[in-house]
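Structure, as structure tokens:
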Amino acid sequence: MLAWYDRHRRTLPWRGEDDPYRIWLSEVMLQQTTVAAVGPRYARFLARFPDVAALAAAAWEDVAAEWAGLGYYARARNLHAAAKAVAARGGFPDTEAGLRELPGIGAYTAAAVAAIAFDRPTVPVDGNVERVVARLMAITDPLPGARRLIAPVAARFMEQEAPQARPGDFVQALFDLGATICTPRRPACALCPWREDCRARQEGIQESLPAKAPKAARKLRHGLHFLARDPAGRLLLRHRPPEGLLGGMLEIPGAPWREEPWSLDEALPHAPLPGLAWALRPGLARHGFTHMDLDMRLAEAAAPALPAPEGMVWMTPEAALTALPTAIRRLLPLADPPLAEGAGAVASDPPRARGARRRGTSP
DNA sequence: AACACGGGGAA
DNA sequence: TTCCCAGTGTT
């Protein structure tokens, strides 16, 4: 495995780093997030917060804006909290158990940082390792339950394949094998260093593993949001509660997301400023979360120059574009004139700003 | 053990 | 479209 890794490993921005801060940051960004999505964001984050002291000293607003668009915003909150804890104790814990105490570091990330940054002989079990081990051992139990069978096998590999040598490289070799050879669909078994040992391949069932438990159906919810613009063209945004969905992020204020679609009249009590002439815009913004789909409509009004109400802030469209989470950003192309992604210099193509088509028989 | 929690890239 | 990604925390 290590010989294969030395020959075929991917070149990645966080490869070869020995700074625990950088390893940790990469692992947190990579939680449920693809390498391709993390790449540019990793470099940008480090440019803004070059070390753990800088992150610990930063204001939450700046961390949130930097994380916007990456998703799973509890990661950013926990990252910020963990940075303060690390700065306070004078450095990173160098054991799996010590790392596990930090907010946002669970079983996987503790093992990953311990192995990669501190060469501890432990195996983080991510989606790649689950897939590689399930196939190698022909484990047919469905995930996530099968993890209790997979983890001990992975730990045994570490003992056998990397006896006190290169634990960090061994786990990253497993990642790379899963990402480039032992892929979810159409694995390239002919190129695999373990092709002769793989029980799933021997049985011809590699493409059906790992088995997964069926996931719950996504609910559909509806929202109606109110975009107020002041005479300077700034947008009125609201802070969401610190926990829960999009916790701690900014949003365009609106009526709560619920099962039934909103009419403008019905939603009016939830408008951020009283007495404005709200006009409902045509079209619908749709966003899919992990557990629900969300259909949002947009009402707009011109507002006089006023101080922002409690918990809200006036922000330029340019700043809003980068500070808003993607779900909320999808409303901007519905505005008149549209505040699309390319509103600034770049005339990029507006994302799925699908109009009222689809089966949404709008009011 | 089951849920809540984002978003994007690839097939 | 669907799948799934270097998962964590809460209930």
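So that the names make sense, note that chain A is the first sequence line, chain B the second, and so on, each numbered from 1. Any value given below was found using the heavy atoms of this structure, including those in side chains, with hydrogens, waters and symmetry copies removed. All values derive from a computational prediction rather than experimental measurement.
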Check: A:Arg238 side chain, A:Gly311 main-chain N or O, donor-acceptor pair, under 3.5 Å | no
For DNA chain C, find the residues of residues 6-18 of chain A with a heavy-atom distance under 4.0 Å and give them by number; none if there aren't any.
-> A:Arg10, A:Leu12, A:Trp14, A:Arg15
Which parts of residues 106-117 of chain A get close to DNA chain B, meaning a heavy atom less than 4.0 angstrom away?
-> none
Donor-acceptor contacts under 3.5 Å from residues 108-119 of chain A side chains, at least two apart:
| unit_1 | atom_1 | unit_2 | atom_2 | d |
| --- | --- | --- | --- | --- |
| A:Tyr108 | OH | A:Glu27 | OE1 | 2.6 |
| A:Thr109 | OG1 | A:Gln31 | NE2 | 2.9 |

Kindly write out the residues that satisfy side-chain hydrogen bond (donor to acceptor under 3.5 Å, both in side chains) with A:Arg10, not counting sequence neighbours, or none if the list is empty.
-> A:Asp176
Using side-chain hydrogen bond (donor to acceptor under 3.5 Å, both in side chains) as the criterion, list what pairs up with A:Asn128, not counting sequence neighbours.
-> A:Asp126, A:Arg131
Those residues that, when tested against A:Arg199, pass salt bridge (charged side-chain N to carboxylate O under 4.0 Å, His left out) (two or more places apart) | A:Glu203
Considering residues at least two apart in sequence or located in another chain, which fulfil the side-chain hydrogen bond (donor to acceptor under 3.5 Å, both in side chains) criterion with A:Asp336?
-> none
Could you run through nucleotides 5-11 of chain B and give me one letter per nucleotide, 5' to 3': B if any protein heavy atom sits under 4.0 Å from the base, S if only the sugar-phosphate is that close, - if neither?
-> BBBS--S
With sequence neighbours left out, write down each residue that passes salt bridge (charged side-chain N to carboxylate O under 4.0 Å, His left out) with A:Arg240, or none if nothing qualifies.
-> A:Glu251
Mind checking what makes salt bridge (charged side-chain N to carboxylate O under 4.0 Å, His left out) contact with A:Asp62, not counting sequence neighbours?
-> A:Arg48
A:Asp18: what forms a salt bridge (charged side-chain N to carboxylate O under 4.0 Å, His left out) with it, not counting sequence neighbours?
-> none
Pairs touching residues 134-151 of chain A that satisfy side-chain hydrogen bond (donor to acceptor under 3.5 Å, both in side chains), sequence neighbours left out = A:Glu130-A:Arg147
